[in-house]
Trainee: 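What follows is a single structure, and I will ask about it in a moment.
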Amino acid sequence: MSEGIGTDGDVSMEGATVMYKPQGSESHRKILYTHLSDDKKQNGSTVRCNTEHVLNDLENRGELKRELLNSIYEIVDECAVQYRCSQVLYFLSQIALSWRILFVRCVQAPGHGKEEVDGLQGVEKTYADSVFA
């Protein structure tokens, strides 16, 4: 924990639900990713790191070949700091350029907690709190 030993630590959990069609498959798959961090910053750098982790994980498992990926469609809430700021748009444009893909970001629900992933993350956070209480 970044606060040090013997103090109350705090962990951030960010979630992403990813729907994709694996190479050679006829159907889509859905995976929930949970990103844990002891750094509570929820900004463009966090979004970039988490997005790259998801893409690299799917590629490393052989389910998503970089050269066959042509676009990413992402639905996010209206959190300005985390999803709509110039920093995150710059970082996502870097991912789009390095992967040679189109990155489409759809801003949907105002505020937090409106999508499936938010409900699933709430269940995981409640469970984690009960384990570590």
Side-chain angles (χ1 to χ4, degrees):
M1 300 292 207
S2 59
E3 286 83 4
I5 297 173
T7 62
D8 290 334
D10 203 0
V11 175
S12 173
M13 290 176 73
E14 285 295 316
T17 302
V18 179
M19 184 179 292
Y20 65 100
K21 187 174 178 184
Q23 176 69 26
S25 176
E26 293 296 319
S27 60
H28 288 80
R29 288 191 186 155
K30 187 186 289 189
I31 295 178
L32 172 67
Y33 281 91
T34 300
H35 306 282
L36 299 175
S37 174
D38 66 347
D39 185 356
K40 292 288 287 180
K41 292 178 190 160
Q42 295 180 337
N43 57 22
S45 298
T46 302
V47 172
R48 177 185 183 172
C49 180
N50 293 347
T51 301
E52 287 178 330
H53 174 262
V54 168
L55 291 172
N56 289 328
D57 180 62
L58 290 172
E59 182 181 37
N60 291 339
R61 289 198 278 152
E63 296 193 7
L64 179 71
K65 292 191 176 186
R66 183 183 285 236
E67 61 273 7
L68 297 178
L69 181 65
N70 58 19
S71 57
I72 293 176
Y73 295 88
E74 185 175 54
I75 300 171
V76 298
D77 61 34
E78 274 192 15
C79 176
V81 173
Q82 199 168 0
Y83 300 120
R84 293 188 298 130
C85 68
S86 59
Q87 183 188 44
V88 76
L89 297 176
Y90 173 72
F91 286 149
L92 294 178
S93 70
Q94 287 182 324
I95 293 172
L97 287 171
S98 70
W99 279 68
R100 298 181 178 263
I101 57 170
L102 173 67
F103 208 110
V104 179
R105 180 160 261 214
C106 307
V107 177
Q108 187 177 346
H112 292 285
K114 305 297 190 276
E115 291 291 331
E116 173 188 31
V117 66
D118 297 309
L120 295 170
Q121 285 297 152
V123 171
E124 287 192 356
K125 286 179 182 179
T126 301
Y127 175 73
D129 285 344
S130 71
V131 169
F132 293 108

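Scope of the values below: all heavy atoms of this structure, side chains included, with no hydrogens, waters or symmetry mates. This one's a predicted model, so the numbers in the text were calculated from it and none came from an experiment.
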Trainee: How long is the straight-line distance from NZ of Lys65 back to CD of Glu59, given to the nearest 0.5 Å?
Mentor: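 Output value for this atom pair is 10.0 Å.
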Trainee: Is there a side-chain contact between Thr51 and Phe103 in this structure, where contact means two heavy atoms from C-beta onward sitting under 4.5 Å apart?
Mentor: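 Touching, per the 4.5 Å side-chain cut-off.
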Trainee: So do Arg66 and Asn56 actually touch side chain to side chain, heavy atoms under 4.5 Å?
Mentor: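 Result yes, sub-4.5 Å side-chain heavy-atom pair found.
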Trainee: List the atom of Leu69, the atom of Ile101, and the distance in Å for their closest heavy-atom pair.
Mentor: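 Taking Leu69 first and Ile101 second, the nearest heavy atoms are O-CG2, 3.4 Å.
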Trainee: Would you mind listing the cluster partners of Tyr73? Hydrophobic ones only (ILVMFWY), side-chain contacts under 4.5 Å, chaining allowed.
Mentor: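 Its cluster mates, by chain and number, are Leu102, Val104.
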Trainee: Measure the CD-CH2 distance between Glu67 and Trp99 for me, rounded to the nearest 0.5 Å.
Mentor: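 Between atom CD of Glu67 and atom CH2 of Trp99 there are 9.5 Å.
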Trainee: Once you round to the nearest 0.5 Å, how far does CD of Glu52 lie from CD1 of Ile95?
Mentor: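 It is 4.5 Å, given to the nearest 0.5 Å.
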Trainee: Taking the side chain as C-beta and beyond, is there a heavy-atom pair between Phe91 and Val47 under 4.5 Å?
Mentor: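 A side-chain contact under 4.5 Å is absent here.
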Trainee: Can you tell me if Arg100 has over 12 outside heavy atoms packed within less than 6.0 Å of its CZ?
Mentor: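 12 or below, so no.
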Trainee: Given side chains that start at C-beta, do those of Asp57 and Ile31 come closer than 4.5 Å, heavy atoms only?
Mentor: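 No, their side chains stay 4.5 Å or more apart.
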Trainee: Would you name the heavy atoms of Lys21 and Ser27 that are closest together and state the gap between them?
Mentor: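 So the two residues come closest at CG-O, 3.8 Å.
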Trainee: Would you give the length of the straight line joining atom NE2 of His53 to atom NE2 of His35, rounded to the nearest 0.5 angstrom?
Mentor: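 One finds 6.5 Å between NE2 of His53 and NE2 of His35.
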Trainee: Per the side-chain contact (heavy atoms from CB on, under 4.5 Å) rule, which among Val18, Val54, Leu55 passes with Ile72?
Mentor: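 Only one of Val18, Val54, Leu55 forms a side-chain contact (heavy atoms from CB on, under 4.5 Å) with Ile72, namely Leu55.
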Trainee: What is the distance from atom OH of Tyr20 to atom CG of Leu58, rounded to the nearest 0.5 Å?
Mentor: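 Answer rounded to 0.5 Å: 5.5 Å.
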